[in-house]
Asker: 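Sharing a structure below in structure tokens format, with a few things to ask.
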Amino acid sequence: MNIQPLHSWITNSPAERLIIAGPCGAESEEQVLKTAQALSHIESIRLFRAGIWKPRTRPNSFEGVGEEGLIWLKKVQQQFGLKTTVEVANAQHTELALKHGVDVLWIGARTTGNPFSVQEIADVVKGVDIPVFIKNPIHADLQLWLGAIERLSNSGITKLAAIHRGFHYSGKTKYRNKPLWEIAIELKTLLPELPIICDPSHISGNRELIPQVAQKALDLGMNGLMIESHINPAVALSDAQQQLTPLALKELLGNLVYRQTTSQNPECSDKLSQFRSMIDEVDDELMNVLKKRMAIIEQIGQYKKEQDLTIFQLERWQEILRSRLQWAEKLGIPRGYAEKICQLLHEESIRIQTEMMNKK
Ligand code: PEP
Ligand code: MN
């Protein structure tokens, strides 16, 4: 995939994280300009965001001001020298955003989940040199996220980035949208050149959680942050709970620790490679132990087959879990971690034995 690094078109250096800020929605010319003016004093902000068309769960809530808002965004560019970004959800939004000179488009979570809409957008931007950011779909489906990125790439868009805004989660969670960092990491592994930006506002759903989510994103090497900021969050027409005043945002950005991905200091690199070779050795041992375990399981499988015994033996499994968790506890290994590993080992054991049982 042909993807241009952020520093080739928006940030000043490879180490700089792209900071995007602005209100959830553009509500009035005054609100947009006042917010933008205040944000323009925060040096690290490179992009001003505002939703013009708001995807809402129920009708009759604030659905955005539409095309008129694009004229306010033009003023933001002219008066404060900030680049702008809006969410587009269909071909018509995209045409209007292009017509009014928006600098960057973003595709929202609900739209990413709909390949028809993504393709519509991709068709409109074909042959246009416009950056596009793609939020993860609502549900934890990496293929759907990848598919949307591919559709834009196939249209010739090279200024691409993904935005991790958390995922719908039906269990108990303190987040509005649960951050599934492992999915973002998997995306990075598949497309190493694709920048990934984190949206702590939509992950958190409230102001209190934003700093820790933002810090975690930076610590994991995410390439930027998109944070909602409103001149007066208390009267915001959407996402009031999670928007920060420009002043609070400035403080938050100032308190974050921006760690480097690599160190220039030779002593530090030396130390790191020492640790890494220790880990390499331990992992090598681990693989050998796993291989040994597999070999024994094959023998058990063969024996059970000969003796006409079932593969799954509930009591044995309960005993394995009980004893291993006890051993783990003694060693100070967290219970959840030990449990996951036992589950994995057991699943693989069942798989191997089933294969043997089915073998003629
Ligand atoms: C937004 O950015 O305001 C928005 C609607 O986000 P998402 O698509 O992540 O829900
Ligand atoms: Mn929002």
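Position 1 is the first residue of the sequence, and the numbers go up from there. Read the numbers this way: they start at 1 and go in the same order the structure lists the ligands and their atoms.
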Asker: Are Arg351 and Glu355 ion-paired here, with the side-chain N under 4.0 Å from a carboxylate O?
Answerer: yes

Asker: Is the shortest N/O to N/O distance between Lys54 and ligand 1 below 3.5 Å?
Answerer: yes

Asker: Between Ser349 and Gln353, is any side-chain donor less than 3.5 angstrom from a side-chain acceptor?
Answerer: yes

Asker: Does a side chain donor of either Glu298 or Gln302 reach within less than 3.5 Å of an acceptor in the other side chain?
Answerer: no

Asker: Number the atoms of ligand 1 from 1 as they appear, then name those within less than 4.0 Å of a heavy atom of Glu228, with their elements.
Answerer: 1 (C), 3 (O)

Asker: Which residue holds the protein heavy atom closest to atom 9 (O) of ligand 1, what is that atom called, and what is the gap in Å?
Answerer: Arg165 NE, 2.6 Å

Asker: Passes side chain to side chain contact (heavy atoms under 4.5 Å, CB included), Ile183 versus Leu187? Steps please.
Answerer: CA-CA 6 Å; Ile183 292 190; Leu187 179 63; 5.7 Å; no

Asker: Under 4.0 angstrom from ligand 1, any heavy atom of Cys24?
Answerer: yes

Asker: Any chance the side chains of His202 and Glu228 put a donor and an acceptor closer than 3.5 Å?
Answerer: yes

Asker: Would you check the N or O atoms of Asp199, main chain and side chain alike, for any that come under 3.5 Å of an N or O of ligand 1?
Answerer: no

Asker: On a heavy-atom basis, I'd like to know which of Gln243, Arg56, His202 is closest to atom 4 (C) of ligand 1.
Answerer: His202

Asker: Looking at ligand 1, does any of its N/O atoms fall within less than 3.5 Å of an N/O of Ala109?
Answerer: yes

Asker: Among Lys74, Glu67, Gln77, whose side-chain hydrogen bond (donor to acceptor under 3.5 Å, both in side chains) with His100 holds?
Answerer: Glu67

Asker: With heavy atoms of Lys135 as the reference, note each atom of ligand 1 found under 4.0 Å away.
Answerer: 1 (C), 2 (O), 4 (C), 6 (O), 7 (P), 8 (O), 9 (O)

Asker: Are any of the side-chain nitrogens in Lys135 or Glu87 under 4.0 Å away from the carboxylate oxygens of its partner?
Answerer: no

Asker: Under a heavy-atom criterion of less than 4.0 Å, does Met226 contact ligand 1?
Answerer: no

Asker: Need the atom name: nearest N/O/S atom of Asp239 to the Mn ion (ligand 2).
Answerer: OD2

Asker: Just by distance, no angles: are the side chains of Asp270 and Gln274 close enough, under 3.5 Å, to form a donor-acceptor pair?
Answerer: no

Asker: Report yes if some N/O of Glu87 lies less than 3.5 Å from some N/O of ligand 1; otherwise report no.
Answerer: no

Asker: In terms of atom number and element, which parts of ligand 1 are under 4.0 angstrom from non-hydrogen atoms of Gly108?
Answerer: 8 (O)

Asker: Can you name the atoms of ligand 1, numbered from 1 with element, that are less than 4.0 Å from a heavy atom of Arg110?
Answerer: 7 (P), 8 (O), 10 (O)

Asker: When you draw lines from the Mn ion (ligand 2) to NE2 of His202 and to SG of Cys24, what angle lies between them, to the nearest 10°?
Answerer: 170°

Asker: Checking one value in my table: which N/O/S atom of Glu228 lies closest to the Mn ion (ligand 2)?
Answerer: OE2

Asker: Is it true that Ser204 and Gln242 share a donor-acceptor pair across their side chains at a distance under 3.5 Å?
Answerer: no

Asker: Does any part of the side chain of Ile297, heavy atoms only, come nearer than 4.5 Å to the side chain of Arg293, both counted from C-beta?
Answerer: yes

